[in-house]
Amino acid sequence: MIRLAIQKSGRLSEDSLSLIRECGISFVSSTYKLKTEATNFPLEILFLRDDDIPGYVQDGVADLGIVGQNVLVEAGFPDLEVEALGFSKCRLSLAVLRNQPYAGAQDLQGKNIATSYPQILGRYLAGQGVQANLHTISGSVEIAPSIGLAEAICDIVSSGSTLLGNGLREVETVFRSEAVLIANQELSAEKQDLLAQLRFRMQAVRRARRNKYILLNAPADSLEAVKALLPGIKSPTVTPLAEPGWVSVQSVVNEDDFWHITGQLKAVGAEGILVLPIEKMIS
Ligand code: ATP
Ligand code: ZN
């Protein structure tokens, strides 16, 4: 049995639960409960505040956890990270009042900066040779400048609309973050084996999310052009159609390249292009 801690309720919760489910692990979740046990994998899930997860994994109260790198690094345990998970991407940025002149980090010398991330920000400023007074506050950091508590803030930004609403503008990116799987560093052999199984499944889910299965028909004489556009995992599968001079091609495309590639496929004569989601992709 291995214990995995995830955020009880917040921005990481839903994506963490769907990742576990997509790994083929079934469990009954209830927001009232502190923990639940999977029915088809030796896994126990603990629901905790995200800030507590790195410490619990470091101490072995939980074997594994899912947290943002921002929280992990701020807690001082970056070495616990074993796998980036590709969701909850965000950045920690410095922002100043909209009309305040700003030419570079040196303008923050001697200023008051409000943040919930004093460790990450302190290291960043030290790297820039800047000395500032950091005020650690745990929430509503973005209102600090308008109430006169600080001249600048350092906080999580995703769209920037919260900053705008508080009369602030983003001036520097301090840290980029995404959700990561973390693990205690002294797992038993049995738990290490379970961790390896989980990572294998998570990687298959991530790879599948990033790729699409593509099927199309093409004139046999444009096959070389089609193959060049669709390298596939090894090479595309090509089968002749009943109609002479035509072939059916099956392959896998990266989601990011997909629109671009389908345009080019049509240009070389491909027809009847079908694109399907992939459930799991094992390399
Ligand atoms: P808790 O009550 O568990 O302490 P919290 O308020 O500290 O929750 P959330 O706002 O739920 O935390 O955010 C959890 C994590 O999600 C953050 O630490 C960060 O890694 C990530 N995150 C935060 N804001 C965003 C965003 N706008 N877009 C994407 N990811 C984000
Ligand atoms: Zn938190």
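In what follows, every heavy atom counts, from backbone to side chain, and hydrogens, waters and symmetry copies are set aside. Every number for a ligand or one of its atoms is a count from 1 in the order of the listing. For reference, positions follow the sequence shown, starting with 1.
Scanning the protein heavy atoms around atom 2 (O) of ligand 1, the nearest turns out to be R49 NE, 3.7 Å. Among all protein heavy atoms, the one lying closest to atom 21 (C) of ligand 1 is C90 SG, 4.0 Å. Distance from atom 18 (O) of ligand 1 to its nearest protein heavy atom, with residue and atom name: N70 ND2, 2.9 Å. For atom 7 (O) of ligand 1, the nearest non-hydrogen atom of the protein is D50 OD1, 3.4 Å.
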Inset, instruction - Starting from the C-alpha separation in whole Å, work towards a yes-or-no answer on salt bridge (Lys or Arg N to Asp or Glu O under 4.0 Å) for K111 and E151. - result: CA-CA 6 Å; K111 294 275 166 40; E151 290 91 35; 5.8 Å; no

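In summary, the side chains of N112 and N133 do present a donor paired with an acceptor at a separation below 3.5 Å, with no hydrogens or angles considered.
Within a 4.0 Å radius of atom 27 (N) of ligand 1, the protein contributes one or more non-hydrogen atoms.
Side-chain atoms of L195 and L181, non-hydrogen and from C-beta on, do get closer than 4.5 Å to each other. Contact annotation: the side chain of V71 never approaches that of I53 to less than 4.5 Å [non-hydrogen atoms, C-beta and beyond].
The pair R210-E255 fails the salt-bridge criterion, with no side-chain N (NZ, NE, NH1 or NH2) lying under 4.0 Å from an Asp/Glu carboxylate O. A salt bridge is defined here as a Lys NZ or Arg NE, NH1 or NH2 lying under 4.0 Å from an Asp or Glu carboxylate O, and E83 with R206 fails to meet this definition.
The ligand atoms of ligand 1 that sit less than 4.0 angstrom from a heavy atom of G68 are 20 (O). Using a 4.0 Å cut-off to heavy atoms of D51, the atoms of ligand 1 that qualify are 4 (O), 7 (O). Against a heavy-atom cut-off of under 4.0 Å, G10 is close to the following atoms of ligand 1: 11 (O).
When you scan the N, O or S atoms of D50 for the one nearest the Zn ion (ligand 2), you land on OD1. The atom of D51 nearest to the Zn ion (ligand 2) is OD1, with the search restricted to N, O or S atoms.
Distances from atom 12 (O) of ligand 1 to the heavy atoms of R11, Q7, E74, K89 put Q7 nearest.
In V71, the part holding a heavy atom less than 4.0 Å from any atom of ligand 1 is the side chain.
Side chain of Q185 to main chain of D79: a donor-acceptor pair is present (N/O by atom type, distance under 3.5 Å, no hydrogens or angles). No donor-acceptor distance shorter than 3.5 angstrom exists from the side chain of S222 to the backbone of A225, with no hydrogens or angles considered.
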